[in-house]
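Reading through the structure tokens given below for one structure.
Chain A is the first sequence line, chain B the second, and so forth, proteins listed ahead of strands; every chain is numbered from 1.
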Amino acid sequence: MIELTEHPIDTQEVLRRVSSTQAGAVVLFLGTTREFTRGRQTLSLNYECYAEMAEKKLKELDAEAHQRWHLVATAIVHRIGQLGLGEASVAIGVSSAHRQDAFEAGKWLIDTLKEVVPIWKQENWADGTAEWVHPPDQTSPIEPFPPSNRSRKPND
Amino acid sequence: MKVEVKLFAVAKQLAGAEAISIELPAGATVQDLRAAIGAQHPVLREITTRAMIAIDTEYVSNDALVPENTDPENSEIALIPPVSGG
């Protein structure tokens, strides 16, 4: 399941989508709206995306995760539009037979999403200013997807 | 040739538009496109140095050729500033 939505993320639905009797582990990651960043206070966030490419890249990431780890199911939901403090901007659900795969794949998915997927965050600061976030130290997303520390396939 | 470049986030904000038109010679590369954006829309010069270019929803390298046919169905060009999703 890959979804971009303007609605609050239904985390129970994300869990339902990855639940399975084949899974011994279910991992849920939520990216949530934090109030303070380097001393500045956030009132709300606004997310914008290049929808067609964002969906495509999320699907590619998802497929890559299933290649690198033994996974039962994955679900990625990213919210677009305005979010308040504490709300989830992204949910990544991963299930696997054994927990190492779910934990590693979940981490890799969020780490790589943040480097590659054309979605942008705008901070609405408490001082009334608004600022698009464009990190200065990103690796080029044109390379093959970054390696993970460890992945395990059947006969490793 | 004239190509249209889709803008997002700070680039859209700075240009005050969702897309800009860029004049390019035939056979131009993505590097040429970057230079042309900076020359024809100086307000975008800085962010363009830090942005990726995507053609047909794929990131492209600087030596890639800019497609001559900019039928939106076939060769959509986008300026992708450093992303901040998640």
*Are A/Val90 and A/Val94 in one and the same hydrophobic cluster, where Ile, Leu, Val, Met, Phe, Trp and Tyr link if side-chain heavy atoms are under 4.5 Å apart?*
yes

*Can you say whether A/Lys56 sits under 4.5 Å from chain B via the side chain, the backbone, both, or neither, judging by heavy atoms?*
side chain

*Approximate separation, where rounding is to 0.5 Å, of A/His134 NE2 and B/Phe8 CZ*: 11.5 Å

*With hydrophobic residues grouped by side-chain heavy-atom distances under 4.5 Å, do A/Leu58 and A/Trp108 end up in a single group?*
yes

*Portion of A/Tyr47 that has a non-hydrogen atom of chain B nearer than 4.5 angstrom*: side chain

*Which bit of A/Val133 comes within less than 4.5 Å of chain B, counting heavy atoms only: side chain, backbone, both or neither?*
both

Would you be so kind as to tabulate the donor-acceptor pairs closer than 3.5 Å made by side chains of residues 12-22 of chain B, with sequence neighbours excluded?
from	atom 1	to	atom 2	distance (Å)
B/Gln13	OE1	A/Trp132	NE1	3.1

*Are A/Leu28 and A/Met1 grouped together when hydrophobic residues (ILVMFWY) are joined by side-chain heavy atoms under 4.5 angstrom apart?*
yes

_Toward chain A: residues of residues 26-51 of chain B with heavy atoms under 4.5 Å_ = B/Ile47, B/Arg50

_Per-residue contacts, residues 79-86 of chain B versus chain A, heavy atoms under 4.5 Å_ = B/Ile80, B/Pro81, B/Pro82, B/Val83, B/Ser84, B/Gly85, B/Gly86

*Rounded to the nearest 0.5 Å, how far apart are NZ of B/Lys6 and CE of A/Met53?*
12.0 Å

*Would A/Ile2 end up clustered with A/Leu61 when hydrophobic side chains under 4.5 Å apart are linked, directly or stepwise?*
yes

*Taking only residues two or more places apart in sequence or in another chain, which ones pass salt bridge (charged side-chain N to carboxylate O under 4.0 Å, His left out) with A/Lys114?*
none

*Can you tell which of A/Pro135, A/Ala54, A/Pro118 has the highest number of heavy-atom pairs within less than 4.5 Å of chain B?*
A/Pro135

*Interatomic distance, B/Thr57 atom OG1 to A/Glu55 atom CD [nearest 0.5 angstrom]*: 11.0 Å

*Do A/Phe29 and A/Val14 belong to the same hydrophobic cluster, where Ile, Leu, Val, Met, Phe, Trp and Tyr are linked whenever their side-chain heavy atoms lie under 4.5 Å apart, directly or via other members?*
no

